[in-house]
Amino acid sequence: MDGNGQRRALEALLDERGGDYAGLSRLIGKNPAYIQQFVKRGSPRRLAEEDRRTIAEFFGVPAAILGVGDRNGSAFDRNSAAALVRIERLDVGASAGGGAFADDERSFGGIGFDPAWMRAIGANPATHRVILVDGDSMEPSLSDGDQIMVDRAAATAPLREGIHVIRMDGTLMVKRLARAPGGRLSVLSDNPDYPDHSGLDPADIAILGRVVWAGRRM
């Protein structure tokens, strides 16, 4: 696929799936204007194959849509993309910083998932969001830069032990929660280099959602 075909396919993806130029530029490690310049000005003339593969993975569509592995050209398959379920990706990171993780948080595009797989894990696009992990306190379970799908409905449901996004002491973080004696909670880091906090008052921990899926770039 030549550069013009890449631009048309990318514009179709953005129109169909949402997203923004600056966000895609950051996704592939470029300056914020990189994708806009590519689409609007034709500079660079082509996107590198690895960058196109990363963008396709982000949108949850086959890489061939952007010409990866296709020497004869490829048109954007709207029917294939429409069959996917879009989960919004929020521009916050969990484990450092004070992100709001709320409905008014800025969307950073979305990721498409197979609807049958979504049903199998009980995921709902109305209640689930994808955010990034910031830091290594949950290694090896989660790594810095991993994308995690969070069920926000868990914030108001009875606690299920596991990995959650929480706010504690004003900081948004991803930690493992476990019940402790006397109705208390333990906030645990999988990485032994980080401290655990045991026997905490549940009132001091705002549970924002439970992590149900994680994905990472290899």
Using side-chain heavy atoms (C-beta onward) and a distance below 4.5 Å, is [X] in contact with [Y]?
X      : Y      : answer
Leu177 : Leu188 : no
Val187 : Met168 : yes
Asp144 : Val133 : no
His164 : Val211 : no
Gln147 : Leu132 : yes
Leu142 : Asp136 : no
Val150 : Leu208 : no
Val130 : Ile148 : no

One thing to verify: whether [Y] and [X] come together as a salt bridge, which I'm taking to mean a side-chain N less than 4.0 angstrom from a carboxylate O.
X      : Y      : result
Arg216 : Asp146 : yes
Glu57  : Arg53  : no
Asp2   : Arg46  : no

Is a side-chain N or O of [X] found less than 3.5 angstrom from the main chain of [Y], in a donor-acceptor match?
X      : Y      : value
Asn31  : Tyr34  : yes
His128 : Ala126 : no
Ser189 : Asp196 : no
Asp190 : Glu139 : no
Asp114 : Trp117 : yes
Arg52  : Leu47  : yes
Ser186 : Ser198 : no
Asp169 : Thr171 : no
Arg160 : Arg210 : no

For Arg7, enumerate each residue passing the side chain to side chain donor-acceptor pair (under 3.5 Å) test, keeping only those at least two apart in sequence or located in another chain.
-> Asn4
When you look at Ile166 and Leu172, which way does the side chain to side chain contact (heavy atoms under 4.5 Å, CB included) test go after all the steps?
-> CA-CA 6 Å; Ile166 65 173; Leu172 191 72; over 6 Å; no
Value rounded to 0.5 Å, distance of [atom1] in [X] from [atom2] in [Y]:
X      : Y      : atom1 : atom2 : value
Tyr194 : Ser137 : OH    : OG    : 6.0 Å
Asp51  : Phe38  : CG    : CZ    : 10.0 Å
Arg129 : Ile111 : CZ    : CD1   : 12.5 Å
Leu27  : Ile55  : CG    : CD1   : 6.5 Å
Met118 : Asn124 : CE    : CG    : 7.0 Å
Ile121 : Trp213 : CD1   : CH2   : 9.0 Å

Please lay out, stage by stage, how Met173 and Arg167 fare under the test side chain to side chain contact (heavy atoms under 4.5 Å, CB included).
-> CA-CA 6 Å; Met173 60 184 71; Arg167 186 180 295 108; over 6 Å; no
Heavy atoms from other residues, nucleotides or ligands near CZ of Arg184 exceed 12 (cutoff 6.0 Å) | yes
Kindly give the heavy-atom pair with the smallest separation between Ala33 and Ser25, and that separation in Å.
-> C-OG, 4.2 Å
Shortest non-hydrogen contact from Ala56 to Leu66?
-> N-CD1, 4.1 Å
Using the side chain to side chain contact (heavy atoms under 4.5 Å, CB included) rule, take Tyr21 and Gln37 through it: C-alpha gap first, then chi angles, then the decisive distance, then the call.
-> CA-CA 9 Å; Tyr21 295 130; Gln37 290 175 345; over 6 Å; no
Evaluation steps, side chain to side chain contact (heavy atoms under 4.5 Å, CB included), between Ile35 and Leu10 | CA-CA 9 Å; Ile35 292 296; Leu10 183 54; 3.9 Å; yes
